[in-house]
Amino acid sequence: MVRFNAARGVKDILPPETEIWQYVEYVARDLFGNYGFNEIRIPIFENTPLFVRTIGDTTDIVEKEMYTFLDKKGRSLTLRPEGTAGVVRAYLENNLYARERVSKFYYVGPMFRYERPQAGRLRQFHQIGAEIIGTDSPLGDVEIIIASMDFFNSLGLRGLTLYLNNLGCRKCRPSFKNALKKYLETNKSKLCDDCKRRVDKNPLRVLDCKIDSKKLKDIPVIGDFLCGVCSERFGRVEEMLKLLKVDYTIDPHIVRGLDYYTGTVFEVKTEALGAQDAVAAGGRYDNLVSDLGGPEDIGAVGFSLGTERLIMVIKTQGLKIPSANKTDVYIATLGEKAKDTALEVLFSLRRNGLSVETGYDKKSLKAQLRQADKSGARYALIIGDDEIEKGVFILRNMKDATQTEVKSGDIIEIILKRIE
RNA sequence: GUGGCUAUAGUGUAAGGGCAGCACGAGAGAUUGUGGUUCUCUUAGUACGGGUUCAAAUCCCGUUAGCCACCCCA
């Protein structure tokens with residue numbers, strides 16, 4: 001017997017875990033709504049060049065992690081590995097910059113990266129993200145950072161740390177990059193093999209290499225190279241965070257794996273997971289809109305969080321989530337006539353907004369009540385042939401095991417009254 | 001992509017060359033039409049493919065998958 005397996009690195013999300021997903025997404029919609037973000041729904045796949053251009057052709061994501069395929073007309077398409085590129089593409093394609101000064105979006109959905117799977121690292125995973133496009137104000141940076149922290153806090157997460165860095169802008173980053181490159185070349189012998197490759201291709205990445213970062217003394221620090229505008233803005237971000245009493249740690253090793261980042265970048269890490277501890281990350285990307293052919297000087301900032309990782313933290317910290325979908329009434333029947341009556345009552349109760357269950361197979365009353373108990377129903381409605389003769393049903397309170405005969409004609413009214 | 005660990009009923013585990021067991025779950029029943037506790041019964045498993053051996057869940061090889069670290073990141 002051949003059985004089918006899910007593809008590697010993908011996961012079924014089953015009840016009751018889907019309740020956590022629904023709750024997390026509900027809280028996200030509510031909170032981002034309060035922050036002025038509107039939902040945007042963008043395609044799962046895009047033309048491949050969009051991702052190559054925005055994420056950067058020497059990044060790991062583009063070099064080895066994309067699900068890229070040809071369609072029947074030979075076009076190269078790619079399953080989105082992240083959300084920002086698609087959002088910015090949609091923003092430009094729909095000329096949203098002409099419609100409003102600043103656009104704020106959030107999105108929810110699956111992303112795809114061909115990586116070796118591990119707990120918290122899947123090939124299809126889910127992100128919730130938000131973007132502010134149309135301003136380079138430090139207030140945007142702070143809104144994005146605080147929206148993400150508030151989101152985690154409102155779910156009750158503990159043990160999170162916010163790490164912050166600044167990557168500089170078009171003006172100041174090149175001088176830092178050159179200094180770094182020069183330094184790395186003279187110290188090349190100390191580097192690991194991966195980093196030796198990076199020196200030419202993407203020197204910034206050496207900064208977050210765990211092997212080398214400790215060995216390299218007096219390596220250039222971006223902070224010393226920031227131009228006036230960048231350091232002023234970053235100072236303002238720090239001021240606002242302090243004013244709002246948001247704790248953070250400056251970490252010069254945060255460089256991000258996507259090339260479009262400029263200025264403020266951040267990661268939120270948890271102590272509850274293993275090596276896959278980044279639960280959210282983001283930053284400013286002031287050049288991306290113009291790089292994709294849009295107007296100059298449209299600043300933007302955004303972040304995304306990994307839903308699977310978030311839910312892992314929720315589970316390991318044992319956080320409570322409100323449970324939904326409780327059965328109100330379970331209908332049990334006795335006899336043949338009762339079946340038809342029960343059928344009518346079942347649907348009319350449901351049409352009155354009640355959550356009602358009944359059994360599918362012929363079973364003893366005992367078994368039916370057992371099912372009722374298991375379903376968590378507050379009431380069992382027992383419909384028997386004898387009672388039908390008298391024009392009544394038996395309404396049993398499952399919690400205190402009391403039961404009363406109620407007139408069958410009044411059943412909806414009575415149950416609605418008791419349930420509320 | 002590199003290195004390592006692991007794989008036994010739905011779930012969690014035991015058996016470490018010689019009869020696959022336990023707990024939970026699920027289903028049925030315990031004097032006729034009344035749930036939860038208790039008791040009884042039933043259900044269901046050695047991931048897949050090879051090899052060694054009289055004999056393999058157990059040893060070996062391969063595959064697949066999960067996990068850990070690296071890498072990377074959400």
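Because only heavy atoms are used, hydrogens play no part in the values below, and waters and symmetry mates are left out as well, while side chains stay in. Chain letters run A, B, ... following the sequence lines, proteins first and then strands; every chain starts at 1.
- Nucleotides B/rG36 and B/rG25 have their P atoms positioned 12 Å apart, rounded to a whole Å.
- Phosphate contact (OP1/OP2 of B/rG27, side-chain N/O of A/K363, threshold under 4.0 Å): absent.
- Going from atom CG of A/L160 over to atom C1' of B/rA74 covers 13 Å, rounded to whole Å.
- A straight line from CD of A/Q124 to C1' of B/rC73 spans 17 Å, rounded to a whole angstrom.
- For the pair A/Q276 CD and B/rC73 P, the computed distance is 11 Å after rounding to whole Å.
- Between the side chains of A/D400 and A/T402, at least one donor N or O sits under 3.5 Å from an acceptor N or O.
- Within the nucleic acid shown, A/A380 has no heavy atom closer than 4.0 Å to any nucleic acid atom.
- A/R370 contributes no side-chain N or O that forms a donor-acceptor pair with the base of B/rG36 under 3.5 Å.
- Looking at which nucleotide of RNA chain B each of A/E308 and A/V10 is closest to, the 5′-most match is held by A/V10.
- Between B/rG29, B/rU34, B/rC71, one nucleotide has an atom nearer to the side chain of A/A367 than all others, and that is B/rG29.
- Distance A/K64 NZ to B/rC73 C1': 12 Å, rounded to the nearest Å.
- Put simply, A/R121 has no side-chain N or O that comes within less than 4.0 Å of OP1 or OP2 on B/rC67.
- B/rC70 and B/rA44 are spaced 40 Å apart, taking the C1' atom of each and rounding to whole Å.
- The residues A/E308 and A/K11 are annotated as not salt-bridged, no charged nitrogen and carboxylate oxygen being separated by less than 4.0 angstrom.
- Taking 4.0 angstrom as the limit, A/S364 places a side-chain polar atom (N or O) nearer than this to OP1 or OP2 of B/rG29.
- Heavy atoms of A/R113 sit under 4.0 angstrom from at least one base atom.
- A salt bridge is defined here as a Lys NZ or Arg NE, NH1 or NH2 lying under 4.0 Å from an Asp or Glu carboxylate O, and A/K337 with A/E389 meets this definition.
- Between B/rG17 and B/rA56, the distance separating the two C1' atoms is 6 Å to the nearest Å.
- Ring geometry for A/F69 versus A/F45: interplanar angle over 60°, hence perpendicular rather than tilted (30 to 60°).
- Nearest to the side-chain atoms of A/A275 among the listed nucleotides B/rA69, B/rA74, B/rG33 stands B/rA69.
- Here the P atom of nucleotide B/rG33 and the CG atom of A/L369 are 12 Å apart, to the nearest Å.
- Contact annotation: A/R8 side-chain N/O to B/rG66 OP1/OP2 distance is under 4.0 Å.
- Looking at A/D141 and A/R284, a side-chain N of the basic residue comes within less than 4.0 Å of a carboxylate O on the acidic one, giving a salt bridge.
- Side-chain nitrogen and oxygen atoms of A/Q368 include none within less than 4.0 Å of the OP1 or OP2 phosphate oxygen of B/rU34.
- Comparing B/rG33, B/rA74, B/rG29 against the side chain of A/Q127 picks out B/rA74 as the nearest.
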Go through it in stages, so that I can follow the logic: the residues are A/R170 and A/D291, the test is salt bridge (Lys or Arg N to Asp or Glu O under 4.0 Å), and I'd like the CA-CA distance, side-chain angles, deciding distance and then a yes or no. CA-CA 12 Å; A/R170 241 174 211 159; A/D291 284 352; 3.1 Å; yes
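- The shortest distance between the side-chain N/O atoms of A/Q371 and the OP1/OP2 oxygens of B/rG27 is below 4.0 Å.
- Of the candidates B/rG1, B/rC70, B/rA74, the closest approach to any side-chain atom of A/Y114 belongs to B/rG1.
- For the pair A/L160 and A/F152, the tightest heavy-atom approach, listed with the atom from each and the gap, is CD1-CB, 3.4 Å.
- Mapping A/K269 and A/A119 onto RNA chain B via the closest heavy atom, the residue that lands nearer the 5' end is A/A119.
- The side chain of A/K374 has B/rA26 as its nearest neighbour among B/rA74, B/rG36, B/rA26.
- Ion pairing of A/D60 with A/R113 is absent here, as no side-chain N (NZ or NE/NH1/NH2) approaches a carboxylate O to less than 4.0 Å.
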In dot-bracket form, 5' to 3', how is RNA chain B paired? Count Watson-Crick and G-U wobble pairs only if both distances fall under 3.5 Å, and write | where the partner sits on another strand. (((((((..((((....[..))))((((((.......))))))...(((((..]....))))))))))))....
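- Residue-level contact check: A/I254 touches neither bases nor backbone, having no heavy atom under 4.0 Å from any strand.
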Please enumerate all protein N or O atoms sitting under 3.5 Å from an N or O of nucleotides 3-13 of chain B, with distances to 0.1 Å.
| unit_1 | atom_1 | unit_2 | atom_2 | d |
| --- | --- | --- | --- | --- |
| B/rG3 | O6 | A/R116 | NH2 | 2.8 |
| B/rG4 | O6 | A/R116 | NH2 | 3.4 |

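- For the residue pair A/A85 and A/L50, the shortest heavy atom distance occurs at O-CD2, 3.8 Å.
- Checking the phosphate oxygens (OP1, OP2) of B/rA28, no side-chain nitrogen or oxygen of A/K366 falls inside 4.0 Å.
- Here the nucleotide nearest the side chain of A/F125, chosen from B/rA69, B/rU34, B/rA74, is B/rA74.
- The existence of a salt bridge linking A/R158 and A/E271 is excluded, since no basic side-chain nitrogen approaches an acidic carboxylate oxygen closer than 4.0 Å.
- Here the side chain of A/L365 is nearest to one of B/rC71, B/rG33, B/rC67, namely B/rG33.
- Taking atom NZ of residue A/K362 and atom P of nucleotide B/rG27, one finds them 19 Å apart after rounding to whole Å.
- A distance-only check finds a donor-acceptor pair linking the side chain of A/R80 to the backbone of A/I42 [under 3.5 Å].
- With A/R123 contributing its side chain and A/P117 its backbone, the two residues share no donor-acceptor pair below 3.5 Å.
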